Structure formats: C-alpha cells, structure tokens
Protein chains: 2
Amino acid sequence: MSRKKEILKTATLLFATNGFKETSMAEVAKASNVASATIFYHFNTKDDLFLSVLSNVKDSILEEFSHYFGEKKFASGLEMLDASVSFYLYLAGSKTEWFLLLHRYYPYKLAEENEICRRYLEDIYNCFVDIFEKALSEGQSDGSVRELSPRKTALVILSTVDGIVRFKNCNLYDAGALYNELIACIRQMAANQNQKQ
Amino acid sequence: MSRKKEILKTATLLFATNGFKETSMAEVAKASNVASATIFYHFNTKDDLFLSVLSNVKDSILEEFSHYFGEKKFASGLEMLDASVSFYLYLAGSKTEWFLLLHRYYPYKLAEENEICRRYLEDIYNCFVDIFEKALSEGQSDGSVRELSPRKTALVILSTVDGIVRFKNCNLYDAGALYNELIACIRQMAANQNQKQ
DNA sequence: AGTCGAACTGACTGATGAATCAGTTAGTTT
DNA sequence: AAACTAACTGATTCATCAGTCAGTTCGACT
C-alpha cells in the first residue's frame, strides 16, 4: 500500500475512535510509520486530511451500496426494506470506523462552514435514504407497504436504524441484541396490514 | 446567580455547541466574566468541570420528566406513548444544549473509564426508556398496544426519537418537519391493530 | 556520469492551553 | 481593630501540537 493510503487508513481509524481534535498529527504519523512532515507533504493541513478521510469513506459507502443493490432483486418492496435495514446493520458491524466517524459531531460542525464537507455528508445520507425510499415506493406499487409518504418515512426509518447503531457504538445498551426487534418494528411500521400473511 | 452556577451554565453551552476539547478554560472564563483561575478554584480539573456539567444536566432532565409525568393521567397506554414522544421532542427543542451535549461522543468516551460519568449517562437514558416502557406495558394491559417486548420496543422507540433529534441538531435534514410523521410511525409500530378506531 | 524532481525527514517555531501559585479582596467572627 | 477565611485573580509554567523549512534520498531520464 502506498504511504498516502496508509496514512489515510490509520487517520480514519484514529479520527473515528479518538476524535479529530483528540488525535495529533504526530500520532497519525507514528501509527503510519512515517515522519510527521510526510503527512504535510501529502495533505496540506489537518482539516485537509480529515476531508480526504471523509471523501474516502463516502466513496467506500457508495460503492458498497451500489455493489449490493446493483444486481439484487426482491420479492416485494417490504422484502427490500428488510434487506436494506439488514445490510445497513451488517455494514455498521463490519466497518465500525465509518459509522463511528459519522456519529461524531466534528464533520457536521465542519459542514456548517465547509461546502465540500457538507456535500460529502449529504451524499452519504442520501444514499441511505434513497434506498429506503425506493423500497417503500416499490412496496406501495406491489401492495406490500401501507399508505405513507415514502421520503418522510424513509427518514424516520433511517433515524431508527442509525440511532440503534449509535447506541451500540456508545456502549450504553446491548443494542446488538435488538436487531430482530428492530426489523420487526420497522416491518410493522411500514407493512400494509390489509394484505398481511 | 452565584459565580459557580454561572460558570456551570456557560460551560454547558460551550461544551455542547463547540465540544469539550474545542473549548478552552480561558473561553469559559471569559464568557462567565471570571478569571481562568477562578474556575480551577471551584472545579479541580477540566474533566471535573465536565462531570459537574453532566451531573447538572442529568438532574435537570430527571426533574423535568418527574414533573411532567408525576401527575398526568392518560386515556390509554398508547396515548401515553404519544405524549412521551411529544414531550421528548418538546424538551429537545427547548433545551437544545442538553441534547447537543448528549449527542457528542466525549461523554461516552469518558464513560469507558469513568464510572461516575457512565452512571450519569445510564440514569439519563434509563429515564427515557422507562417512560416508553411503562407506556407500552400499560397499553398492553388496556389493549391499546399489540403483543411485543416492552423493554426492547422502548429502546427501538428511543433510538428513533433520539435519531430524529440528532439529525435535526446536525442540520442535515429538516428533521423538524418530520415530527408528525414520526408520531404516526411510532403509533403504527406499537398499536394493537385489532382494536383500532 | 550528471541532472531533475518527487517523496520523504529531523529539527525547529510560535501559539495555545491546562494547571499552579503567591498573592489580594471582602465579609465575618472575636 | 485584629484575626480568620472563602472567593477570587494576574502572572507564570510547562507540555503539546499544527505547521515550516532546509535539507537528504532515490529512481528516471538524458
């Protein structure tokens, strides 16, 4: 792996687990087996490094989603919704750093003044919402999903799933034990009761 | 107001809006019209100040909840659930600092090594979950709520409501516009369909 | 062999920030 | 008025950290 990618990878991990302000460039350098000045050769400033990290995370997430949903077919919109939620939970479990980073406040604070940062975050969250919305819309067409506003409900579902993941990462509750309950609740929330099997 | 309380109040606001590491003791001092050294007279260390802030927020939240739910009576468990969610949203809107603070990562990071901090956070979140759980349990008794695990479902509901509030505070979506949708979704999630009016 | 440039580094700098300390002030007690 | 004390402060200390700079290394091209 090139030095630059190595730096990006360790920075992602450190920013995610310890925070942006809490991580010094010297730490990143040491963990990457590189001199501090090397980081400044590849990235102009610390904020610059952070934006590269976020951009990288964004690309990876978008790729994971398009890879998973690009081919797959579902029996119904409701089935697709189930699968989307499960996939989100699977990703959150296997790429913990990404979600830890997204559950920090720094990116959103930076987004207030930095258009590029804002764009990255919007891309990521729109990717999530779009999938849920698509599932709900298709579900309404095939009759598996009840009458509701697909976009708004998709946002409510995202906040539920994202909330559970956040709780899990915060180690407050054993939120991992809630996955089955979560899927059931979301199904209940969206399902068309009249044609339930 | 005593100097100590003044410091506590401005520190709450600054830690919540700018973060713990991002806020210097000098800033807190200036915003409180006090010399830096005065803060160290009242609070031994910066972490100490943070714990006092959190303790204060915890007490306030617990008091708000016991005040609101101490007297009130509800027509059914489902009605109580509605009211609980609405009250949570109302609080999040009027005491933004509290929720901004709780949506930062620092408290949870500190809780990993500091038993007292952990206890404060647990007290706060248990207060939330307990109310939702009580509403669900009572709803099952009076038949307004479907068959489900009250505790687990309460946690799912908390993650939904908390997730929405977090989105709102992060300025990503106009999550405020989702409140009606949110209440409807949660009702749909919990309601007993057989006896719906 | 000699030149060039990209990648990299050790040593440094200036700024900032938590914490300390030797006091001063003002209110209360004796 | 003298003694005591809680509240408060200006000046200072020491560590850390983002960023700079004057170089070195090394492979590619001429």
Side-chain angles (χ1 to χ4, degrees), chain A residues 1-56 101 104-114 116-117, chain B residues 1-56 101 104-114 116-117:
Chain A
M1 191 170 359
S2 78
R3 303 261 220 176
K4 193 172 176 181
K5 280 195 177 170
E6 180 69 35
I7 293 168
L8 219 46
K9 198 180 144 195
T10 56
T12 306
L13 194 63
L14 288 174
F15 287 160
T17 52
N18 298 333
F20 178 76
K21 258 273 180 158
E22 289 83 353
T23 304
S24 70
M25 295 301 256
E27 278 178 83
V28 178
K30 196 173 180 190
S32 314
N33 292 313
V34 145
S36 319
T38 306
I39 304 187
F40 288 96
Y41 171 75
H42 289 291
F43 309 91
N44 288 331
T45 63
K46 199 183 177 190
D47 267 346
D48 221 61
L49 174 59
F50 183 82
L51 282 177
S52 295
V53 163
L54 192 63
S55 166
N56 205 44
L101 197 76
R104 296 204 157 261
Y105 196 74
Y106 188 76
Y108 308 93
K109 188 84 182 177
L110 184 61
E112 282 173 19
E113 53 180 29
N114 186 312
I116 299 170
C117 179
Chain B
M1 191 172 355
S2 77
R3 302 261 220 175
K4 194 173 175 182
K5 280 196 176 170
E6 180 68 37
I7 293 167
L8 219 46
K9 198 181 143 196
T10 57
T12 306
L13 195 62
L14 288 174
F15 287 161
T17 51
N18 298 334
F20 178 76
K21 256 279 179 149
E22 289 82 353
T23 304
S24 71
M25 296 300 256
E27 277 177 84
V28 178
K30 197 173 180 189
S32 315
N33 293 313
V34 146
S36 319
T38 307
I39 304 186
F40 288 96
Y41 170 75
H42 289 291
F43 309 92
N44 289 330
T45 63
K46 198 184 177 189
D47 268 346
D48 221 60
L49 174 59
F50 184 82
L51 282 177
S52 296
V53 163
L54 192 62
S55 166
N56 205 43
L101 198 75
R104 294 203 158 263
Y105 196 75
Y106 188 76
Y108 308 93
K109 187 84 182 176
L110 185 59
E112 282 173 19
E113 53 180 29
N114 186 312
I116 299 170
C117 179

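Chain letters run A, B, ... following the sequence lines, proteins first, then strands; residues in each count from 1. All of these numbers come straight from a predicted model, not from anything done at the bench.
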Any sub-3.5 Å donor-acceptor pair from B:K21's side-chain atoms to A:F20's backbone N or O? no

Which heavy atom of A:C117 sits nearest a heavy atom of A:L54, and at what distance? SG-CD2, 3.8 Å

Is the distance from OP1 or OP2 of D:dA6 to the nearest side-chain N or O of B:H42 less than 4.0 Å? no

Given atom CG of B:L14 and atom C1' of C:dG17, what is their separation to the nearest angstrom? 15 Å

Sorted by number, the residues of residues 18-41 of chain A with heavy-atom contact under 4.0 Å to DNA chain C: A:V34, A:A35, A:A37, A:T38, A:Y41

With a 6.0 Å cut-off on the ring centroids, do A:F50 and A:Y106 count as close? yes

Side-chain donor or acceptor of A:T38 paired with backbone N/O of A:V34 under 3.5 Å: no

Separation of A:K46 atom NZ from C:dT16 atom C1', in whole Å? 13 Å

OP1, OP2 of C:dC8 versus side-chain N and O of A:R3: anything below 4.0 Å? yes

How many Å lie between CZ on B:F43 and P on C:dA18, as a whole number? 15 Å

Find the distance B:F50:CZ to C:dA19:C1' and express it as a whole number of Å. 19 Å

Using 0.5 Å steps for rounding, measure from the NZ atom of A:K4 to the OG atom of A:S32. 13.5 Å

Donor-acceptor under 3.5 Å (B:S55 side chain, B:L51 main chain): no

